[in-house]
S.K.: 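Have a look at this one.
The figures that follow rest on heavy atoms only: side chains count, while hydrogens, waters and symmetry mates do not. Remember, it's a predicted structure, so these values are computed and weren't measured experimentally.
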Amino acid sequence: MAEQQNPRTEAPNLPDPAAFSRTMADIAARSQRIVAEWLQRQHEADVAIDPLNIGSAFMEMMARLMANPASLIEVQIGFWQDYVTLWQHSTRRIMGIETQPVVPPDPRDKRFQHEEWKENEIFDFIRQSYLLSARFVQDVVRRVDGLDPKTAQKVDFYARQFVDAMSPSNFALTNPQVLRKTAETGGENLLRGLSNLLRDLEAGRGQLHIRMTDAEAFSVGGNIAVTPGKVVYRNELMELIQYAPATTTAHKTPLVIFPPWINKFYILDLRPKNSFIRWAVEQGHTVFVASWVNPDERLAEKDFADYMKLGVFAALDAIEQATGERQVNAIGYCLGGTLLAATLAVMARRRDSRIKSATFLVTLTDFADVGELGVFIDEEQLAALEDRMNRRGYLEGSAMATTFNMLRSNDLIWSFVVNNYLLGNETFPFDLLYWNSDSTRMPAAMHSFYLRNMYQKNLLSQADAITLDGTPVDLRRIKVPVYFLSCREDHIAPWASTYRATQLMAGPKRFVLAASGHIAGVINPPGSGKYNHFVNATLPANAEDWFAGATEVAGSWWPDWQRWIAAQGRGEVPARTPGDGALPALADAPGDYVKVRSA
């Protein structure tokens, strides 16, 4: 049958540009005045009503937008035209005529994977209408000229947070999966969802603490973090764990790992099949790991230099006592890598050669471009954060978790809202999400130093701009062999930014880029068959040039690292058993510090 002609659609009535401009300018002026007066009242009442400093960014955006109304009108007209096309598309579908969608479904968008989003004409219209509106909002904020880069980034980020929150998948009446579940259960799913919501509010003591996994399904030291070992050293900031050997001989040079203290170390030891620690032990390494304390107000004054002295230096002293070896191979993960880099620079200045080689996992040393984390770094937010930390002595673990979750809000916030509260489902037991919810606190002095000197001022990348324990820090003095592992989809430590360390350090260097993100790209055991990696022996100044010349290699990066680290070795010795050296065993792994949960 011949395809029917498109129904005639009249052109939409467009506003007079001059009148539209005057109206929008008036709305903007009145809105700014109302918001300013309201914020002033909150300030006088000593209420931190805008701790993220969002209001001023959007007010500046509106002022800039009104200065160039022609650009807004252009986007508005395009939006109306797209809507007319969408109406035509939906009308044809209702009439049974096949037509191409105005906004094709994105297979990566998990929000709209239920079949009715595509098969049902009404929900197809709702989905496409939302995506058109979302695109319009983002087009508007990205077209604003004259904003400084920080403000533009903040406006774009929070506009996307708003757009994500308004997705029809997040509301019961516009989510076909929820409607079907409600019909099938007679509304029982909504009652269970309300119960789940109240449970999470109770857990957060009035603040919503979204449960991501079945916390009762896991036990640290019971079914996760179970690689055998002993705590052989302890101070107020760290427990040092030495793991039991799995081979009869071991590499002569011990291996020590410094994880980030933003999270707990057992991301490297979740389960036997994906434990980097267990795998390294099986490769013949004598593995030590720093398990950082979960600090409270008693450690408020501990600063970055204390983590160097009571962390890295204390570990080096303890390992020499335990094994008789003065030199170690060291790994730093994320913030632990930033600490390791700064410590290596201090050691270079002091002619301390106890670290023989260094591996940096998704580590920032140049903070010029930190991706969307930069949204949270400005003077107003830092001052408010410091005031909050100084009252308690630490930053709550939940605050850090919320920040990281916002970077992937659809995956780490809204998907759980739908699953827990709308569908009324119980959470699935997932070890990675259990670890993600097991947040840690940050000492006030350390966190303030870290945010201001590195994220805000980017001083670590500058020669002698930071001093630790009386010693100026210059990363260019680092001449030990180094291995960099970055991840292509990392939203916490963007790989192009981590790559800049290759241009700062002076020794032999190898840079490897893994697929996936900050966690999955690192925790990728060879047996999983997941995620490739890229290698390139040359290190041009520009990260994109490095990638252009890189070779893709199937599978995990772990074997590549093992070949590299083995080449740094000095032969083998009989395997070392924790507690047999000069340091007695204090407790079984994973120790006590890791089991302290944040309230």
S.K.: Assess the side chains of Asn524 and Ser528: does a donor N or O sit below 3.5 Å from an acceptor N or O?
M.R.: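 Note: Asn524 and Ser528 side chains meet the donor-acceptor criterion.
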S.K.: Look at the side chain of Asn274 and the backbone N and O of Arg271, then say whether any donor-acceptor pair between them is shorter than 3.5 Å.
M.R.: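 The answer is yes, because a donor-acceptor pair under 3.5 Å joins these two groups.
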S.K.: Between Trp292 and Tyr307, is the gap from one ring center to the other below 6.0 Å?
M.R.: yes
S.K.: Does Arg441 reach the main-chain N or O of Pro295 with its side chain, forming a donor-acceptor pair under 3.5 Å?
M.R.: yes
S.K.: I'd like to check Val522 versus Leu485 (side-chain heavy atoms, cut-off strictly below 4.5 Å). Are they in contact?
M.R.: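 Val522 vs Leu485: side chains touch.
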S.K.: Using distance alone, with no hydrogens and no angle criterion, decide if Ser167 and Asn170 have a side-chain donor and acceptor under 3.5 Å apart.
M.R.: no
S.K.: Would you call the rings of Trp564 and Tyr483 parallel, tilted or perpendicular, taking 30° and 60° as the class edges?
M.R.: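 Tilted: the ring planes of Trp564 and Tyr483 meet at 30° to 60°.
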S.K.: Phe276 vs Trp561, test: ring-ring contact (aromatic ring centres under 6.0 Å, His included). Steps then yes/no.
M.R.: CA-CA 12 Å; Phe276 178 83; Trp561 171 82; 5.6 Å; yes
S.K.: Strictly by modelled atom types, are Thr538 and Asn536 linked by a side-chain donor-acceptor pair under 3.5 Å?
M.R.: yes
S.K.: Answer with yes or no whether the side chains of Asn329 and Ser357 bring together a donor and an acceptor at under 3.5 Å.
M.R.: yes
S.K.: With a 6.0 Å cut-off on the ring centroids, do Phe534 and Trp495 count as close?
M.R.: no
S.K.: Any donor-acceptor pair under 3.5 Å linking the side-chain atoms of Thr427 with those of Asp214?
M.R.: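 Looking only at side-chain atoms, Thr427 and Asp214 do not form any donor-acceptor pair under 3.5 Å.
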S.K.: Is it the case that Gln562 and His285 place a side-chain donor and acceptor less than 3.5 Å from each other?
M.R.: yes
S.K.: Please work out which of the three classes, parallel, tilted or perpendicular, describes the rings of Phe157 and Phe376, given edges at 30° and 60°.
M.R.: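 Ring orientation, 0 to 90° scale: perpendicular.
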S.K.: Any donor-acceptor pair under 3.5 Å linking the side chain of Thr363 with the backbone of Leu361?
M.R.: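 Between the backbone of Leu361 and the side chain of Thr363 there is a qualifying donor-acceptor contact (under 3.5 Å).
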